[in-house]
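Written out below as structure tokens is the structure these notes cover.
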Amino acid sequence: RYVEAVLKMVDDYDYDGIDLDWEYPDAATEVPGFERMTRTFRKRLDAMGAAKGRKMFVTMAAAADYGTINKLDTAFLLETMDWINVMTYDFAGAWSSRSGHNSPLFASSKEGPNARSTERSMLYFMEKRGVPADRLAVGLALYGRGFPAVEPYASRAKDAARPFNLNYKDVPKRLREGWTRIWDDETKVPWLISPDKTRVAGYDDAESMRVKTEWARSKGFRGVFFWQIDGDRLPDGSNPLQQAAHAAWTASQ
């Protein structure tokens, strides 16, 4: 019933396919059902594409966490997915004991030898799982995550305000209020520091979007994608982060 309902929507609105956001599966018991459903979608969408005379796509949102994606077999992924959207963000948040960055391109030495990053997650898919670069897309976050801490990578203050999310469209207001932007050249991402130096937020801006997109292009990845597309929508109607990524990608073609 679910497959039929989704395929009707794809056909009625003439979409190009589907993106599976199962997340992720979380348990081994979910894998057979996920594989069965995905193969059904793949077969039916290929038939729909043949009738329409064009390619129909099946993609999925995949965790950047090593343990989660391990539940899915590489051969199955290559059989069914046109490409995989790797969610290379949420590397730190309310669950973290320290003020880590939401989406660092490169790992920070301040986080120790097991620090997570966009680079490490993407290389894991290629080198450990054997997924070709052109079957992978790099996730770019249009938001950040903030912490009650005195500086980046510091321990969270006890009995302080709770961690918070920060859409990029709210950043100009924070800067007008006196927050300070600093650039982390090791991880290639910016931070915001509150005027009273009690809160920090790791986020992305046009500079980090350009750097990440140029890196993704240089590594031969399929492309980049965003979560979520309203996050950088400014009052003048512009989307500066998405525009910066687009410009960086097309400039290197």
[X] side chain vs [Y] backbone, donor-acceptor pair below 3.5 Å:
X	Y	value
S99	F147	no
S238	L234	no
S194	R199	yes
D90	G93	no
S208	D205	yes
S121	A64	yes

Next on the checklist: Can you tell me how the ring of F164 sits relative to the ring of W179, calling it parallel under 30°, perpendicular over 60° and tilted otherwise?
Outcome noted: perpendicular
For a quick check under 3.5 Å, do [X] and [Y] share a side-chain donor-acceptor pair by atom type?
X	Y	answer
S155	R98	no
T180	K197	no
N167	D232	no

Could you tell me whether [X] and [Y] make a salt bridge, using a distance below 4.0 angstrom between a side-chain N and a carboxylate O?
X	Y	answer
R42	D46	yes
D26	K71	no
E4	R44	yes
D82	R135	no
E119	K219	no
E207	R181	yes

Next on the checklist: Please say yes or no: joined through hydrophobic side-chain contacts below 4.5 Å, possibly via intermediate residues, are W215 and V86 part of one cluster?
Outcome noted: yes
Checklist entry - Looking at the rings of W227 and Y143, which for Trp means the six-membered one, are their centres under 6.0 Å apart? => result no
Checklist entry - For the residue pair W191 and Y203, is the inter-centroid distance of their aromatic rings smaller than 6.0 Å? => result no
Item to check | side chain to side chain donor-acceptor pair (under 3.5 Å) assessment of Y168 paired with N239 | outcome: CA-CA 10 Å; Y168 178 78; N239 296 85; over 6 Å; no
Item to check | K212/S103 under side chain to side chain donor-acceptor pair (under 3.5 Å): CA gap, chis, key distance, verdict | outcome: CA-CA 10 Å; K212 287 181 177 182; S103 182; 3.0 Å; yes
Next on the checklist: Quick one, K188 with D204, criterion salt bridge (Lys or Arg N to Asp or Glu O under 4.0 Å). Give me CA distance, side-chain angles, the key distance, then yes/no.
Outcome noted: CA-CA 9 Å; K188 304 300 182 186; D204 277 279; over 6 Å; no
